[in-house]
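In what follows, residues are counted from 1 in the order of the sequence shown.
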Amino acid sequence: MSHPDSRPYRLSLKWRAFALTSLILLGLAVLITWISYKSLMEQFQTHQQVNQREQRHQIETSLQSAANELKQLAAVAASSESLNDALLSLNQAEIAESLRNQWPTLQLDAGIDELVIFGLDGELLASYGEDNNGNDKRPSRAWLSKVVESEQPQDLLLCAGSCLQFAAVPILVQGENAGVLMVSRSLVDVMSYFQRSSGDDIALLTRQESGATHGNSERVIPEWDSYSLALTHQDIVLPVLKEISRRVSIEALIASPEDIEYGGRQYETSIIPLESGEAGSANRSGYFVSVEDVTAQLEGIRETTGMVFFVALAGWLCSEAFLLFLLWKPTLRIRTLSQALPGLARGKFAELRSQVSRHSEGKPKDEIDVLADTAVELSYQLERLKGEVTARGELLEQQVVELERERDLVSGLMNTTQVLVVVHGGDEILMANRYAADMLDASESRLVGGSFAKTFQPFAREFHSGQQESDLVTLKGTRRTIAWHHTPLNTWADGKPATISVGLDITDRKSAAQRISWLANRDPLTALYNRSYFEGVLAHAVVRDMHGAMLYMDLDRFKEINELGGHQAGDDLLVLVSEMFQRQLSHAGTIARLGGDEFAILMENASAEQAVILANIITQSLEKISLDVDGQKHRAVASIGIALYPDHGATPKELMASADFAMYRAKEDPAQRWHLLSAQADKEVLQERVYWEERIRHALEHEGFELWGQPIASVDGLKVKHNEVLLRMRSSDTGEIVSPGSFIPVAERSGQIVSIDRWVISESLKMMGSWGDSDRRLALNVSGQSLHDEALTGFLENALKMSGVSAHRLVIEVTETAAVTDFATARCILQNIRDLGCAIALDDFGVGFSSFYYLDQLPIDYIKIDGSFIRDLPENKRSQMIVKAIVEIAKGFGKKTVAEFVDREPVYNILKEYGVDYIQGYWLGKPRPFSESLDD
């Protein structure tokens with residue numbers, strides 16, 4: 001009977017090593033084979049996906065190119081003079097013959113199958129070529145109506161009995177939509193081009209309606225309700241399509257290509273749908289079907305995979321044979337040693353020594369000899385230690401239990417608290433909790449032994465209110481602010497003193513406080529000081545016995561940048577300018593963005609010469625700044641006003657006003673671009689401006705304005721149709737009438753013009769309401785600033801409701817320059833005013849932008865020809881040509897014309913000859929107060 005310990009295992013190490021390495025090597029062989037097969041299949045599938053995307057792209061490109069060509073051909077045919085003349089005559093026979101001469105060229109050279117002319121309501125006027133009449137072979141009337149409504153060319157793809165591509169363009173006759181011209185062409189050419197470019201077999205399918213019959217029943221695919229209009233290699237492609245149609249639906253094949261084995265060959269089939277683009281045309285769509293023979297590719301993958309597996313298997317057999325040869329003898333000795341070593345655990349020390357001791361006492365020959373000698377020596381040591389371990393076992397067990405309890409309590413407290421807890425002595429970290437390790441993205445073992453000051457307090461600050469603050473930088477570069485509290489520990493390990501430091505993360509609290517403080521004084525976009533901070537600095541600087549200078553800057557043509565490039569472009573330019581200020585002028589003084597495109601610099605204790613030098617530096621630096629938006633460069637150009645204190649303002653308010661005035665004087669001198677207020681001349685102009693601003697304010701508050709009117713009459717019969725409202729100011733001291741030229745420019749510059757406009761609107765509507773049932777109309781002038789005020793429409797609507805005056809009795813006049821300066825905003829506001837029922841007149845036409853494009857884009861009813869073309873009309877040939885052209889073009893757009901400054905009868909006679917609708921001027925009637933009769 002064998003000893004129970006002679007064989008403590010079922011399988012020896014030798015055979016386990018052999019089995020394990022065999023499993024690993026076999027697994028590697030299978031894995032290599034599988035990876036090779038997977039890689040080859042992924043490459044094959046990737047190649048197929050790329051090929052399919054290229055197929056789709058080629059078809060889409062071919063279809064789009066064909067559609068564009070059709071639209072161009074249709075546009076050329078639609079512009080035929082014979083067709084336009086025929087549509088003008090409304091003679092259907094002439095319409096049918098209008099394109100007869102062009103049809104053979106379109107049919108033979110361009111491949112056009114059919115050309116059809118429709119009326120505006122979709123009726124058929126003429127057709128050439130194949131008769132595709134029928135609901136399933138021609139586009140619907142709704143699609144044709146879309147062409148008429150949008151006045152844009154449209155294209156459409158329909159597949160029913162055949163796949164046709166349609167293109168339709170509106171026919172314009174004398175600027176008006178007169179019908180639709182449609183052409184169609186088969187998709188067979190696109191299919192042929194695709195087959196030549198890809199090399200794959202393809203078929204063109206179309207949906208087959210229930211009960212429909214075709215000339216060749218073999219091409220019907222009943223499972224898909226489809227019919228093959230055309231295909232390559234019919235004897236191969238058609239059977240493959242019928243076989244795959246029995247397996248998958250056409251929708252599933254559109255979503256994902258399908259592989260099929262047929263006739264001993266492997267084919268990959270994919271469908272590319274041809275969307276009709278017309279609502280409700282689900283049965284009028286077609287499909288391109290691509291059939292690719294992939295048998296050779298798949299066979300090559302299988303052969304390569306088999307070769308890889310054979311090589312891997314041969315390598316496994318060779319490796320295992322060599323390994324078995326090397327392990328045979330050493331495993332026999334290890335087996336003997338392994339059978340004896342378990343005796344150490346059971347205390348059979350003498351028995352182990354008798355089994356594993358070497359017979360010779362020489363040096364060990366290999367690792368197994370070392371292991372055997374070590375086992376013998378270990379048996380002696382274990383025999384001695386066994387007695388000591390037994391004696392101390394019970395005592396140690398009790399101490400371990402107590403220590404484990406205390407350790408768990410301290411560890412739980414240390415690792416659950418959300419503060420940093422670090423014990424350190426002599427600047428050496430002795431222990432750190434989990435939160436501290438997580439804060440530094442490091443393990444506790446990595447922290448212990450390091451320097452506390454360098455690790456946790458590299459940026460320490462002095463104690464404040466019982467705590468110490470420090471910036472902590474993590475290994476990932478994140479900076480955190482920690483508030484530390486320190487407590488000494490009398491003893492630690494080996495009786496050494498230590499300190500326990502508790503840190504609280506106050507980063508978020510500090511960041512929030514700093515952000516609030518920063519936002520209170522800074523402009524968020526440019527990071528410069530804001531207006532509030534600048535005014536505070538100005539208030540402390542402009543005091544008695546102090547002097548300095550203030551520069552007030554405004555970017556020229558900034559509104560154009562916002563309109564052409566968008567507000568983001570404007571913001572980008574402001575950022576570039578502010579960066580230049582911070583980079584080059586931070587030492588010059590306090591720099592602030594006051595709002596919009598306005599900047600200011602306060603130079604304390606500076607002279608006029610220093611301010612001028614700084615203005616020149618700014619001008620030169622701005623010339624180097626440019627912003628590229630959509631290929632167009634925008635440069636930063638500023639007008640700079642310079643005011644000194646206390647010379648030009650003893651208070652912050654006075655200094656700001658003086659600097660603002662100087663800035664506007666700088667705009668008048670584009671060569672220098674800066675202006676320093678002089679002692680006397682500018683002071684007088686500034687005083688004059690302040691004087692008129694006060695007079696305007698007084699007139700608004702104390703009814704110092706009067707409404708005058710000037711009649712506007714029709715040219716035929718000189719019957720007064722309406723009156724233009726003119727504004728006058730009456731002096732409160734002398735009663736003298738002040739012309740608008742004295743106060744309107746000041747009002748526009750100070751912004752008071754908006755209040756004046758609203759006063760004129762309110763007072764005019766009150767006056768019209770007092771006329772009762774009269775149908776007299778008034779024309780009111782609105783400034784450019786009001787035109788860009790989005791609240792104007794709401795104010796006008798409320799004023800009309802309160803006065804009870806019908807909106808159609810009101811004509812709002814705007815100048816051409818104001819209307820197109822901010823075209824998008826002006827157009828929107830004018831359209832809203834027109835929607836209320838008011839008429840719109842474009843004043844001073846011809847001296848502004850002079851673009852007839854705006855006549856069609858702006859919602860206007862009247863065009864007032866500028867008086868500079870009217871005064872010398874009988875003598876000036878150039879003026880005659882311009883006025884005549886304006887009248888003709890206005891009529892073409894359906895607008896009425898009004899001629900201003902008609903001061904004599906010869907002028908009136910010429911205007912009547914040209915066809916001007918209305919006149920205005922001293923020859924008809926001078927401006928008078930409304931208290932007098934204006935119709936005399």
Side-chain angles (χ1 to χ4, degrees), residues 687-712 720 722-771 774 776-789 791-805 807 809-815 818 829 833 838 841 843-844 864 867 900-901 920-922 925-935:
Q687 289 175 347
E688 181 73 10
R689 171 182 165 185
V690 173
Y691 165 75
W692 279 110
E693 287 181 4
E694 185 59 33
R695 285 198 62 177
I696 293 170
R697 188 178 298 108
H698 184 273
L700 286 170
E701 295 174 355
H702 300 89
E703 299 182 359
F705 287 118
E706 292 183 2
L707 298 180
W708 287 32
Q710 187 176 21
I712 299 175
V720 176
H722 57 278
N723 293 274
E724 180 179 1
V725 176
L726 304 174
L727 185 65
R728 298 292 186 268
M729 178 188 290
R730 187 175 294 276
S731 175
S732 58
D733 299 330
T734 63
E736 194 178 307
I737 296 298
V738 180
S739 66
S742 301
F743 59 85
I744 290 296
V746 177
E748 289 178 340
R749 181 170 295 178
S750 64
Q752 295 172 304
I753 190 65
V754 175
S755 299
I756 293 176
D757 286 345
R758 297 197 175 196
W759 184 89
V760 171
I761 292 173
S762 299
E763 294 300 318
S764 298
L765 290 175
K766 289 180 183 178
M767 180 175 61
M768 294 174 72
S770 66
W771 292 344
S774 173
R776 292 173 62 186
R777 304 176 69 193
L778 291 181
L780 308 181
N781 288 280
V782 173
S783 67
Q785 295 182 32
S786 292
L787 186 60
H788 302 133
D789 181 10
L792 175 63
T793 306
F795 173 80
L796 180 58
E797 184 177 9
N798 292 333
L800 287 168
K801 289 179 180 179
M802 293 179 62
S803 65
V805 176
R809 295 175 57 192
L810 208 60
V811 180
I812 302 299
E813 290 191 5
V814 297
T815 63
I829 293 176
I833 295 175
C838 303
D843 199 6
D844 298 338
K864 299 190 72 172
E900 300 178 300
F901 292 90
Q920 176 183 359
Y922 280 14
K926 296 182 178 181
R928 287 184 289 175
F930 274 101
S931 57
E932 304 177 16
S933 175
L934 296 175
D935 296 331

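Here F901 pairs with nothing under the ring-ring contact (aromatic ring centres under 6.0 Å, His included) rule; sequence neighbours left out. Under the rule for a side-chain hydrogen bond (donor to acceptor under 3.5 Å, both in side chains), the partners of D757 that lie at least two apart in sequence or sit in another chain are S783, S786. Annotation: salt bridge (Lys or Arg N to Asp or Glu O under 4.0 Å) contacts of R728 (sequence neighbours excluded): none. Residues meeting the side-chain hydrogen bond (donor to acceptor under 3.5 Å, both in side chains) test with Q752, sequence neighbours left out: S750. Taking E813 as the reference, K864 meet the side-chain hydrogen bond (donor to acceptor under 3.5 Å, both in side chains) condition, with sequence neighbours excluded. Listed by chain and number, the residues in a salt bridge (Lys or Arg N to Asp or Glu O under 4.0 Å) with R809 amount to none (sequence neighbours excluded). For W771, the ring-ring contact (aromatic ring centres under 6.0 Å, His included) criterion is met by no residue, not counting sequence neighbours. Residues that satisfy the side chain to side chain contact (heavy atoms under 4.5 Å, CB included) test with E736, not counting sequence neighbours, are S731, T734. Qualifying salt bridge (Lys or Arg N to Asp or Glu O under 4.0 Å) partners for E701, counting only residues two or more places apart in sequence or in other chains: none.
You'll find the side chain of F795 stays beyond 4.5 Å of the side chain of V754, heavy atoms only. Residues L726 and P740 fail the side-chain proximity criterion, which asks for heavy atoms closer than 4.5 Å. Counting only heavy atoms from C-beta outward, the side chains of V720 and R776 never approach each other to under 4.5 Å. Between E694 and R697, some side-chain heavy-atom pair lies under the 4.5 Å cut-off. At a threshold of 4.5 Å between non-hydrogen side-chain atoms, the residues L810 and I833 do not count as touching. Side-chain contact between I712 and R777: absent, with no pair of heavy atoms (C-beta onward) separated by less than 4.5 Å. For the pair I696/M729, a side-chain contact is recorded, criterion being any heavy-atom separation below 4.5 Å from C-beta on.
Taken from CG in L780 to CD1 in I812, the straight-line distance is 5.0 Å, to the nearest 0.5 Å. Note: W692 CH2 to I744 CD1 = 10.5 Å, rounded to the nearest 0.5 Å. Atoms NE2 and CD, on H722 and Q920 in that order, are 7.5 Å from each other to the nearest 0.5 Å. Between atom CZ of residue R758 and atom CG of residue L700 there is a gap of 12.5 Å, rounded to the nearest 0.5 Å.
Annotation for E900 and G867: closest pair OE1-N, 3.9 Å, computed over non-hydrogen atoms.
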Only distances under 3.5 Å count here; give the side-chain donor-acceptor pairs of residues 796-804 to other protein atoms, sequence neighbours excluded, each with its distance to 0.1 Å.
| residue | atom | partner | partner atom | Å |
| --- | --- | --- | --- | --- |
| N798 | ND2 | G794 | O | 3.2 |
| S803 | OG | A799 | O | 3.0 |
| S803 | OG | L800 | O | 3.2 |
| S803 | OG | V805 | N | 3.4 |

*Assess whether side chain to side chain contact (heavy atoms under 4.5 Å, CB included) is satisfied between V725 and E763, documenting all intermediate values.*
CA-CA 11 Å; V725 176; E763 294 300 318; over 6 Å; no
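Residue pairs satisfying the ring-ring contact (aromatic ring centres under 6.0 Å, His included) criterion with at least one member in residues 725-770, sequence neighbours excluded, are listed as follows: F705-F743, F705-W759.
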